[in-house]
2 protein chains.
Amino acid sequence: MDESEKLQTHRRGSGVSTVYETLRNEIIELKLPPGSPIDEQQLSDRFALSRTPIREALVRLAAEGLITTLTNRATIVSNIDFLGLPEFFDALTLMYRVTTRLAAANHAEGDIAAIRVRQKAFEVAVTNRDVLGMISTNRDFHIAIAQAGQNRYYVELFTRLLDEGRRILRLYYSSFNDVLPRQYVGEHEEMIQAIINRDVALADSLASAHADQIVGQIRSYITADSRQNARLAL
Amino acid sequence: MDESEKLQTHRRGSGVSTVYETLRNEIIELKLPPGSPIDEQQLSDRFALSRTPIREALVRLAAEGLITTLTNRATIVSNIDFLGLPEFFDALTLMYRVTTRLAAANHAEGDIAAIRVRQKAFEVAVTNRDVLGMISTNRDFHIAIAQAGQNRYYVELFTRLLDEGRRILRLYYSSFNDVLPRQYVGEHEEMIQAIINRDVALADSLASAHADQIVGQIRSYITADSRQNARLAL
DNA sequence: TGTATTTTTCTTGTCGACAAGAAGTCGGCA
DNA sequence: TGCCGACTTCTTGTCGACAAGAAAAATACA
């Protein structure tokens, strides 16, 4: 564990959000893998805080579904719910579509620039073959679009879904190839153009196709047949 | 304030959820109107609990956006965001449609019965001209449909939206007339039938129209011109 | 030796108290 | 009389300690 945060003295009220954000990131990046036990005492030592603020951060994480608390027993990082994957895909696809539509309809001064920054970062990650970077910059790109759409309900749900998606993708990130990501860059570019032109219908269909791509990719990872000797002659 | 809860001794762990649920209800039913200050000490006395479990309940409420905490200062019941109403209507309509569609597609054994129970309760409230009852039974009806749709992401968002809607409707419930509610009963009936027949397209369009009705009604409340002397000859 | 029961240990849930920060109050000064 | 600054008071944020509950360990018994 990194002990650098142990020394700094916290200003009042900042502690909780620091713990919250740190843990949140570590959970999403699978630094804390699903099922990991969360020990309050340990976190208390690590952040040099009493258990009370730690606890508050944990309550917030639990409200988001990132951790699961077994009453009076243990609290662990939530497992990835593979059985609920179809629901997840459905909601994810819907949010891709709605946010992109709204961005085309509602985007204001400056939104496009923000989206372009994220797209640039994604491109860099792709050319560097930085898989982890691709996953997180892709998320940022789509959240920027959602923000341009000006609907906080969608932004919130979409953020949750994309972050849950990050966890899943991390599990399989070794099987990432750079063919599809390359294609994503182009698809992103088309989406930006549709948004600029305020072409809602086109934005929708592009987002829909994009979502299908991503969902299809995740599904292929999960159901991948990696048996080395599946076709071995016996 | 009701002091009945003060005497009972709590079993470990139950306190937080009790406080959470009680406050949640009181906020949604405007028993605690928007802007009301939330005093931890006071709640501590009221529930006969220390401030720690109270605090946890408040953190959960804050995560849901029901209360707002001004750091180091006060914590108040969140205001109703009239500026964000268009976003709210958009998301609400979308959720009406998606959940009803999914219910038609996915509903399983027993779901219909559960929906019928809620519909019956709504009918009773309408015939009794019980406005507050209508608002909450209508909510229950649509959540039952959402649950039949089997997508927890939609159920969660929809619940939040409907509860926020309850707050808004309570503000205007005096202007409720019984014409539209009567119409809602019929619309609900049609939706149930479409779901049973697994007619996704029909379920969608019914839900869409239903949403338009409700949104339109809320909008008319808000923009109602109640000036008694607007057309007074001078 | 295997099982049931008690004991121990560890983690969570709760408590009362203290510290920091902000608003309101009071008094001083122009 | 009106404005500025120190002081008071109140609420929130944090702490260390205790209590309850559950799993693990140890013991007794068949």
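Note on naming: letters A, B, ... go to the chains in the order of the sequence lines (proteins, then strands), and numbering restarts at 1 for each one.
Heavy atoms of E40(B) sit under 4.0 angstrom from primed sugar atoms or phosphate atoms, though from no base atom.
Side-chain proximity of S50(B) to dT12(C), dC15(C), dA19(C): nearest is dC15(C). Side-chain proximity of R51(B) to the nucleotides dA17(C), dT12(C), dT14(C) is greatest for dA17(C). Nearest to the side-chain atoms of P53(B) among the listed nucleotides dA23(D), dC15(C), dA20(C) stands dC15(C). Of the candidates dT14(D), dT14(C), dT11(C), dT14(D) carries the atom nearest the V16(A) side chain, counting heavy atoms from C-beta on.
Atom-to-atom, CG of N72(A) to P of dA20(D) comes out at 12 Å; the value is rounded to the nearest Å. Rounding to whole angstrom units, CG of residue L70(B) and P of dA20(C) are separated by 22 Å. Going from atom CD of Q42(B) over to atom C1' of dT11(D) covers 12 Å, rounded to whole Å. Separating the CG atom of D39(A) from the P atom of dA23(D) is a distance of 16 Å, rounded to the nearest angstrom. In this structure, the CG atom of L43(A) is 12 Å from the P atom of dT11(C), given to the nearest Å. Distance I54(B) CD1 to dT12(D) C1': 14 Å, rounded to the nearest Å. The interatomic distance linking L49(A) (CG) with dA19(C) (P) rounds to 17 Å, in whole Å. Atom pair I76(B):CD1 and dT12(D):C1' shows a separation of 15 Å (rounding to whole Å applied).
OP1 or OP2 of dT14(C) has not a single side-chain nitrogen or oxygen of T52(B) nearer than 4.0 Å. Dashed line: the shortest gap from a side-chain N or O of R55(B) to OP1 or OP2 of dT12(D) is not under 4.0 Å.
At a threshold of 4.5 Å between non-hydrogen side-chain atoms, the residues L43(B) and R51(B) do not count as touching. Contact check for L23(B) versus E26(B): side-chain heavy atoms found under the 4.5 Å cut-off.
Taking OH from Y96(A) and CE from M191(A), the interatomic distance works out to 8.0 Å, rounded to the nearest 0.5 Å. Here CZ of F82(A) is found 11.0 Å from CZ of F88(A). Values are rounded to the nearest 0.5 Å.
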